[in-house]
Amino acid sequence: SAKEIADSAYDLGTIMEIPVQQLPRLQKAVLNYASATQFSVKESGLDMLSLLTKLNRPLSDATMLFDKMAYATNITSLNAKTLSEMLKGVGTEAIQMKVPFDEMLAVFGATDLQFKGSEGATRLRMIFMGLAKDTKIHREILSHYGLTMKDVDIKSQGFTKVMERLKGIS
């Protein structure tokens with residue numbers, strides 16, 4: 001309704017403290033995200049503010065991130081709660097390894113098909129943490145498969161390339 005849209009504009013303006021000229025574009029993205037996730041507009045705004053802080057991204061990225069998250073919930077089995085759990089559980093490690101946000105969302109969607117919610121986040125976090133550790137045992141294991149730490153360095157090789165290299169190793 002018109003009242004809900006007006007209320008959402010007020011909530012966004014006060015919660016996120018954004019310039020009034022940026023409000024219409026951000027409001028559309030927030031409404032799309034709220035619709036896709038079934039969150040209230042206020043919850044959606046707070047969710048995005050938390051994500052921007054965690055990702056250390058400027059407010060100007062909010063519209064792009066909202067749109068990508070709404071799209072991810074529409075084309076995968078992810079729901080907003082699961083997506084939020086995964087971002088909280090794995091986001092920091094993925095960000096430190098410079099995994100692009102699009103790839104992160106795609107991995108979350110694929111992981112959620114096998115492991116639901118926090119279990120998927122836990123397994124992804126273990127992968128990220130394992131790949132980040134340069135220990136003798138890790139080097140030995142990788143060497144057994146003909147790989148080096150450089151081959152699985154997500155920062156330099158990219159997440160997708162590293163996962164393709166590890167695919168099928170057991």
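All values derive from a computational prediction rather than experimental measurement. All values below come from the heavy atoms of this structure, side chains included, with hydrogens, waters and symmetry mates left out.
When the side chains of ILVMFWY residues are joined at heavy-atom separations under 4.5 Å, either directly or via intervening members, Ile75 and Phe101 end up in two distinct hydrophobic clusters. Taking hydrophobic clusters as Ile, Leu, Val, Met, Phe, Trp and Tyr residues chained together by side-chain heavy-atom distances below 4.5 Å, Met129 does not share a cluster with Leu131. At a threshold of 4.5 Å between side-chain heavy atoms, the hydrophobic network of Ile, Leu, Val, Met, Phe, Trp and Tyr places Met126 and Ile154 in two separate groups. Using a 4.5 Å cut-off between side-chain heavy atoms of Ile, Leu, Val, Met, Phe, Trp and Tyr, with links allowed through other members, Leu147 and Met149 fall into the same hydrophobic cluster.
Atom CG of Asp151 sits about 9.0 Å away from atom CG of Leu166, to the nearest 0.5 Å. For the atom pair CD (Glu140) and NE2 (His138), the distance works out to 11.0 Å, reported to the nearest 0.5 Å. The OG1 atom of Thr122 sits 4.5 Å away from the CZ atom of Arg125 when rounded to the nearest 0.5 Å. For the atom pair CG of Leu105 and CE of Met69, the computed distance is 7.0 Å after rounding to the nearest 0.5 Å. Note that NZ of Lys98 is 11.5 Å distant from CE of Met104, once rounded to the nearest 0.5 Å. Atoms OG and NZ, on Ser143 and Lys136 in that order, are 12.0 Å from each other to the nearest 0.5 Å.
Here the shortest heavy-atom pairing between Phe128 and Met97 reads O-CE, 2.9 Å. Taking every heavy atom of both residues into account, Met86 and Thr111 meet most closely at CE-CG2, 3.8 Å.
Two residues are said to be in side-chain contact when any heavy atoms from C-beta on lie closer than 4.5 Å; Leu124 and Phe115 fail this criterion.
Between the side chains of Gln157 and Arg165, a donor-acceptor pair is found at a separation under 3.5 Å.
When each of Ile127, Val152, Val107 is tested with Met163 by the rule side-chain contact (heavy atoms from CB on, under 4.5 Å), just one qualifies, namely Ile127.
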